[in-house]
Every structure is written in C-alpha cells, then in structure tokens.
Amino acid sequence: MRVLGIETSCDETGVAVYDSDQGLLADALYSQVAMHTEYGGVVPELASRDHVRKLIPLIREVLADAKLELADLDAVAFTAGPGLIGALMVGAATGRALALGLGIPAMAVHHMEGHLLAPMLEENPPAFPFVALLVSGGHTQLVRVDAIGQYELLGESLDDAAGEAFDKAAKMLGLEYPGGPLIAKLAEQGDRTRFRFPRPMTDRPGLDFSFSGLKTFTLNTADSCRDKDGVIDPQTMADIAAAFEDAVVDTLAIKCRRALRETGLKQLIIAGGVSANRRLRERLEEMVGAEKAQLYYARPRFCTDNGAMIAYAGCQRLLAGQQSDLTILAKPRWPMATLPPL
Ligand code: KG4
Ligand code: ZN
C-alpha cells in the first residue's frame, strides 16, 4: 500500500510517500522557522497561511521525487491533531479532499502517534512492547506501548513540556526561536560543573515531570550573572546552557530508568523534537546499558515534525482496515490513549 502523508500541525509543512513493501519513497519538509523567529515564537495565523502556500507545491515535489502520479497513491494520511487548529485544518482539508477526489481512503493521524512510530522507519526497529518517552514542544510523556493503539500513559509533564522549557530558557538567554538546538549548541562550549540546576520531581515517587521551576531557576541564575548593562559574558552563557541541558537530560533519564524498572520492559524509544538532543541520547545510552536494555530513536530529521512519520502511522492503521469518514477532522486537543487499537 502506497500512502501520501501530510503534516501541518505547527510550523513545518511535511509531505512524504511511504510504501508498505518498499519503505519510504520520498519526503520533503518546509520549515517556517525563519518566518516565526522574528516574533520569538509561532504565530498561528501566519503558520496556517504559509501551509496554504507551501502544501500543494510540496505534494507535487514529493510525487515527482518518487516518480509517481496522483493515480499511483492508494491512500492519504494527514495529521488531525493535536496542534494549532488553523494549521491542522489546512492539512486535514487538503488531505481529505485529495482522497475523496481520487476515490481512495483517508486516515486522520494523531501527531504524537506519528512521533512515537518514527523510530520504526529506521533499520532494526524495536518490537512491541516498549516504553516510549515522547518529548516535543508541546508534550512530555512516558507511555507503555503494547501495540499500535495500545497506549498506557505512565507519566507526563504537569506544566511545561521539555521542548517548551528549552525554548523558554533560550529566550531568557537572548537566543532565537526555537531555542532547543541553540541551547544544545551553546552547551557544547559550557563548563558543566560551574552551576548545578535542580532535577525537578526526581526525589519523590512517580513518573510525572515538572519543568516550570527550572525555568525560574534559569532566569534567576542568568539575572545574577548580568553586568551593569544587563549583558552576560559568552562563557557564562554557555555554562548556563550546559547546566540547564544537563538538568533536563538527567531528569528525563532518571524517569526513564524508573519506567523501565516499574514495567519490567527492556526497550526504550525516544521520539519528538527533543529526542534529537545529542546529550540526551548519550545519557540514555549509558542508562540503558546499565539496565541491560536497548535504546531506539529516529534520525534527527524524523525526530522533529515531518511527513514520513504521518505516512507511516497512517499506513499501519489503513493496513489494519481502518479509515476516516468524510469529516474534515482537526482536533487541537486529542489524548493519545483514546485512539482505537488496530
Ligand atoms: O516534535 P517537534 O518538532 O514539534 C512538536 O510537536 O512540538 O518538537 C519541537 C521542539 C522544540 O521545542 C525544539 O526546541 C525542540 O523540539 N528541539 C530540541 C532539539 N531539537 C529540537 N531540544 C533540545 N535539543 C535539540 N537538539
Ligand atoms: Zn511534533
């Protein structure tokens, strides 16, 4: 089965074609980051309008890359939520209409299920069951995954998501949006022993997270290091970035270890934008090594938003005989645990 995947939930337009026999045939991404940087974050109305401009040309590009015509498609999968309502509507309306026009099935895909399954696009994918750490700009969740659609939420952030915390800490240091990759880059030059930031909620039981206190801690540390003109010297900036990154990474690693021990599972997958973080991958490799477990993740390009994960997730549900009705479905909020099993 050959599925066109469309992702427009936030600030990237992603399109891909996945073939259940041949694997990924083509994928293309247009990032709106440059447009939103000026405003220090995503402006929803600008995001929707830009998806309208970029989506159809991107679909054409992907089909040409894969040397396919529209008539060669067997189904269309689109992100239906969670995300920005206007942005979601562009992909959902386009995807649904395209499928109707071609007389083929359509599948409304959950964005986080897409992220969760992205490591399946790599060689040696994990087998069910496993523990998944989903860390993106909007979500921080630990999930027990027994099969596609069989999700048990083990813990989640009570306030900011991990990616959101990275972005806010970056803003405090005067870095551009999105700050995650910039903090990570700055941290490489940092002295990781100069500051010690708290590891929130690790000293009590449970698998929930909280990152808002870390944000305040970062702000206070940054303010205490400013000179009379409000400037922080470059080395101190790097030292703060390193301390912040280590605090987030350590906190995530402690909770992941706890989740593996509590479930007795020996496989951990990490997905979502923050799973591209190198320090996190290294720290988790160390942890799973000690636990005699395995770590799985996608290539960095498929950690952040992309069309390939949506095409793949949609294809798995379509192969199981599921499909969406004619409703143009766009749900800004959509708990993953409400998804049906295959
Ligand atoms: O999954 P994603 O592309 O979009 C959402 O679904 O939210 O995740 C974006 C988030 C942003 O907060 C971004 O700062 C963060 O992922 N991110 C990173 C890195 N790359 C992206 N955070 C830390 N280190 C990175 N290398
Ligand atoms: Zn995402």
Side-chain angles (χ1 to χ4, degrees), residues 82 109-163 165 199-211 214 246-277 279-298 302-303 309 312-313 316-317 320 334-342:
V109 175
H110 192 288
H111 181 79
M112 296 313 292
E113 180 168 84
H115 275 305
L116 173 76
L117 298 176
M120 300 293 192
L121 290 162
E122 305 301 337
E123 272 174 40
N124 306 319
F128 300 109
F130 51 75
V131 171
L133 172 71
L134 302 176
V135 270
S136 70
H139 293 78
T140 300
Q141 297 184 326
L142 269 166
V143 185
R144 181 192 163 105
V145 181
D146 284 295
I148 294 178
Q150 279 175 255
Y151 307 126
E152 184 196 341
L153 184 64
L154 303 172
E156 66 183 331
S157 178
L158 306 175
D159 41 58
D160 293 350
R199 273 67 174 149
M201 295 182 65
T202 50
D203 55 357
R204 52 180 122 150
L207 294 168
D208 286 334
F209 304 89
S210 164
F211 291 110
L214 205 49
D246 273 9
V248 175
V249 163
D250 241 12
T251 305
L252 293 173
I254 291 167
K255 294 291 165 95
C256 284
R257 184 178 58 205
R258 205 176 277 175
L260 289 176
R261 287 183 180 173
E262 283 182 15
T263 57
L265 296 177
K266 290 290 179 194
Q267 300 187 101
L268 173 68
I269 73 123
I270 52 170
V274 182
S275 69
N277 184 280
R279 189 89 180 160
L280 177 65
R281 292 174 172 205
E282 288 167 4
R283 179 76 175 78
L284 289 176
E285 287 287 9
E286 231 174 78
M287 184 275 284
V288 297
E291 296 294 308
K292 307 221 170 350
Q294 292 288 323
L295 180 68
Y296 300 87
Y297 42 74
F302 293 159
C303 290
M309 66 184 194
Y312 178 83
Q316 304 315 306
R317 288 192 172 273
W334 188 9
M336 202 169 69
T338 63
L339 291 176
L342 287 196

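Bear in mind that the values here come from a model prediction, so they are computed numbers and not experimental data.
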Q: Evaluate side-chain contact (heavy atoms from CB on, under 4.5 Å) for Val145 paired with Gln150, printing each intermediate quantity in order.
A: CA-CA 6 Å; Val145 181; Gln150 279 175 255; over 6 Å; no
Q: Any chance you could lay out the side-chain contact (heavy atoms from CB on, under 4.5 Å) test for Trp334 and Met112, step after step, and finish with the verdict?
A: CA-CA 10 Å; Trp334 188 9; Met112 296 313 292; over 6 Å; no
Q | Leu142 vs Cys256, side-chain contact (heavy atoms from CB on, under 4.5 Å): CA-CA, chis, key distance, verdict | A | CA-CA 8 Å; Leu142 269 166; Cys256 284; 4.1 Å; yes
**Q.** Stepwise side-chain contact (heavy atoms from CB on, under 4.5 Å) test for Leu134 and Ser136
**A.** CA-CA 6 Å; Leu134 302 176; Ser136 70; over 6 Å; no
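Between Phe211 and Phe209, the ring planes lie parallel to each other; the angle is under 30°, not in the 30° to 60° tilted range.
The structure places CG of Leu214 at 6.5 Å from OG1 of Thr251, a figure rounded to the nearest 0.5 Å. How far CG of Leu117 is from CD of Gln316: 7.0 Å, rounded to the nearest 0.5 Å. A distance of 8.5 Å separates CZ of Arg279 from CG of Asp250, quoted to the nearest 0.5 Å.
No donor-acceptor distance shorter than 3.5 angstrom exists from the side chain of His110 to the backbone of Leu339, with no hydrogens or angles considered. Formation of a donor-acceptor pair under 3.5 Å by the Arg258 side chain with backbone atoms of Thr202 is found in this model. Not a single donor-acceptor pair under 3.5 Å links the side chain of Asp146 to the backbone N or O of Pro129.
Annotation: side chain of Lys255 is not in contact with side chain of Leu252 (no heavy-atom distance under 4.5 Å). Met309 places a side-chain heavy atom less than 4.5 Å from the side chain of His111. Residues Ile148 and Pro341 form no side-chain contact, since every pair of their non-hydrogen atoms from C-beta on lies 4.5 Å or further apart. The shortest side-chain heavy-atom distance between Met201 and Asp208 falls under the 4.5 Å cut-off. Contact check for Pro82 versus Met336: no side-chain heavy atoms found under the 4.5 Å cut-off. Leu121 has its side chain out of reach of Pro119: every pair of non-hydrogen atoms, C-beta onward, lies at least 4.5 Å apart. Side-chain atoms of Val248 and Arg199, non-hydrogen and from C-beta on, never get closer than 4.5 Å to each other. The shortest side-chain heavy-atom distance between Arg283 and Asp246 does not fall under the 4.5 Å cut-off.
Smallest separation of non-hydrogen atoms from Ser275 and Leu280: CA-CD2, 4.2 Å. Annotation for Arg281 and Cys303: closest pair NH2-SG, 3.1 Å, computed over non-hydrogen atoms. Heavy atoms only, all atoms of each residue included: Leu116 and Ile269 are closest at O-CD1, 3.2 Å. Scanning all heavy atoms of the two residues, the minimum distance from Val135 to Ala162 falls at CG1-CB, 4.0 Å.
A donor and an acceptor atom, one from each side chain of Tyr296 and Gln267, are located under 3.5 Å apart.
The cationic atom of Arg144 (NZ for Lys, CZ for Arg) does not lie both less than 6.0 Å from the six-membered ring centre of Tyr151 and within 45° of the ring axis.
Of the residues Thr263, Val131, Leu154, the one that meets the side chain to side chain contact (heavy atoms under 4.5 Å, CB included) test with Leu207 is Leu154. Under the side chain to side chain contact (heavy atoms under 4.5 Å, CB included) test applied with Met287, the options Ile254, Leu268, Leu295 reduce to a single match, Leu268.
With salt bridges taken as basic N to acidic carboxylate O contacts below 4.0 Å, none links Glu291 and Lys266.
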